[in-house]
Amino acid sequence: MNLIFMIFRLTSIIVLLFLSANAQEKIENDTKKIKPKLVIGIVVDQMRYDYLTRFYDRFGEGGFKRMIRYGFSCKNHHVDYIPTTTAPGHASIFTGTTPQNHGIIGNTWYDKISKQKIYCVQDNTVSPIGTSSSAGKMSPIQLKVTTIADQNRLHTQMKGRTISIAIKDRGAILSGGHTANAAYWFRGKGQGSWISSAYYITKLPKWVVDFNESNIIDSYFRDWVTLYEIDSYIASGNDNTQFERGFKGKEKAIFPYDLLRLKEFNGQYDIIKHTPYGNSLTVDFAVAAIVGEKLGKDEHTDFLTISFSSTDYIGHNFGVNSKEVEDTYLRLDQDIERLLLALDKKVGKGNYTIFLTSDHGATQVPQYLKSVKIPAGYFKEASVHLDMKYYISSLYQRENIIENISNNEVFLNYELISNQNLDVVEIQKKIARYLLTLENIDKVYTRTQLENMSYAYGTGALLQKGFHQKRSGDVFYTLAPSIIAYSKTGSSHGSGYVYDSHVPLLFYGNGISQGVTNIKTTVSDIAPTISVLLGISNPNGVTGNIIDEVVD
């Protein structure tokens, strides 16, 4: 009996060991299977979520539709902080947190120490590379935490490479992070070339020099005509409207646009940035980078970040309901397809993973909304700021209590307030009450409120996630829906309303499930999701959550 029991027990142990070994082998195989050779993070600047649905029927099979059908789509994805602008957007996507932690509170902001305006990536300590212009004096020194690309570099003992590309310097620099091998952005004006800074490299690599010296960039001085017959563009408004700005040197903002002629009046090479050809140029350069940097060619995962900046320039110029925006996204769809095909060929199908999202959306042009009886309008920022300063100066019989007003934030002069023994909390309240009496201002919060209260939802929560204790101001105001401080042509953004916050999020490729979710996701969720896919540490300031359904 004991012999039978011993045989049974020994057999059980052998079976368990076998199963355990198989399980361990499966884990190891799965880990190897989902480890992409290249991760591509794509940001489409100013892409509203509804651009996917508005233009879907006109997209080809190989671009957005390929990513949606064979990848994973998050339909209810949002930017969950204020302000919804380019620099905070790119920083949040790649760090997995919000301005509250990463410190990029705007494209520019008022620095309370130096008493000067700071540009988010400006760095006068570095030399420009590829240009003599100060446009090359840029770096990520203002970014306070690591990005997902930084974490990949650390995990691979700096063997995994990071290359970051965008027309806009901030789009490239804040995506790549602190340890990128190189970030490249486009210098327009009279130069027309891709440049960098000495923060990354000592000189441009040969492949970049060759690209800049080729005819590729100049080839985009061509006519901008619609990709298809303009009468077939039924997902946008009329071509000839009063809601678009257009280009200098052309009386009306209507197709076609002769870029070769118009460049003289619109900053020479800068005009390319304001057309869909800026996106095409970005793909040209990205494909050259894949080859030139040998991305995805060894066992260490590389990162390539690509930000399509031209979509933002075009939206600001023509507005979200324009024929120009519709044509831009139909052309971008083709550029996405071209990028995917290049990745298939040069990195290999199944060897790469992509995520695609946006840094923010945009509002409809208020003038257009008013024309169809929807409440909208414009905020006269300069006069309101002047009146506010006058009111506080009169109330306290002292000048310069308000030191600066920018980005819908009021900065107080703490030195003066302290010397005069004034009550800073009372001053905040007085400003808040004054602002709430003004037309088109919706909500007002003070520093005291944001520091001492915890908001779970609503405008307070969005402002709190965008509030950096050391860098932000003392009183914060938000405008009513569809009210913007902008010109009466073109679209803008920056609010916490759904038109600015609801953006696409698509995952595609190695290790990604096929599916869709309507559950709300936020910008901070992207980096931790990619982290778990790669099996690496989260960025060091991460506050987002893993989107479990995405990872296969």
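Model, not experiment: these values are computed from the prediction. Heads up: numbering here begins at 1 and tracks the sequence.
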Going through the distances and angles, do Gln268 and Lys263 end up as a side-chain contact (heavy atoms from CB on, under 4.5 Å)?
CA-CA 4 Å; Gln268 298 293 331; Lys263 71 175 185 176; 3.9 Å; yes

Donor-acceptor pair, [X] side chain versus [Y] backbone, under 3.5 Å?
X      : Y      : value
Ser393 : Tyr390 : no
Ser491 : Val320 : yes
Arg331 : Asn279 : no
Gln428 : Thr446 : no
Asp327 : Lys323 : no
Thr85  : Ala87  : no
Asp387 : Val384 : no
Thr529 : Ile547 : yes
Ser73  : Leu506 : no
Asn76  : Ile519 : no

Electrostatic pair Glu403-Lys115, nearest N-O below 4.0 angstrom
yes

Inspect the contact between Asp80 and Lys520 and indicate whether a charged nitrogen and a carboxylate oxygen are less than 4.0 angstrom apart.
no

State yes or no: are the ring centers of [X] and [Y] separated by less than 6.0 Å?
X      : Y      : result
His493 : His316 : yes
Tyr81  : Phe467 : no
Tyr51  : Tyr49  : no
Phe72  : Phe355 : no
Tyr445 : Tyr455 : yes

So, taking the atom named CG in Asn266 and the one named OG1 in Thr275, what distance separates them when rounded to the nearest 0.5 Å?
11.0 Å

I'd like to know whether [atom1] of [X] has more than 12 heavy-atom contacts from other residues, nucleotides or ligands below 6.0 angstrom.
X      : atom1 : answer
Glu415 : CD    : no
Lys112 : NZ    : yes
Glu451 : CD    : yes
Lys250 : NZ    : yes

Establish, yes or no, whether the cationic atom of Lys430 lies under 6.0 Å from the six-membered ring centre of Tyr391 and within 45° of the ring axis.
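Not satisfied by the 6.0 Å and 45° rule.
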
Quick one: does NZ or CZ of Lys65 land under 6.0 Å from the six-membered ring centre of Tyr56, within 45 degrees of the ring axis?
yes

When the ring planes of Phe255 and Trp224 are compared, do they come out parallel, tilted or perpendicular, using 30° and 60° as the limits?
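Perpendicular: the ring planes of Phe255 and Trp224 meet at over 60°.
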
Kindly determine whether Val410 and Asp474 satisfy side-chain contact (heavy atoms from CB on, under 4.5 Å), including the steps that lead there.
CA-CA 6 Å; Val410 181; Asp474 301 290; 5.7 Å; no

side-chain contact (heavy atoms from CB on, under 4.5 Å) between Val498 and His78, worked out
CA-CA 8 Å; Val498 67; His78 291 265; 3.9 Å; yes

Please report the closest heavy-atom contact between Pro528 and Asn545, naming both atoms and the distance.
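Shortest heavy-atom separation between Pro528 and Asn545 comes out as CG-O, 3.7 Å.
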
Which residue, Arg170, Gln122, Arg471, forms the side-chain hydrogen bond (donor to acceptor under 3.5 Å, both in side chains) with Gln142?
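Passing option: Arg471.
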
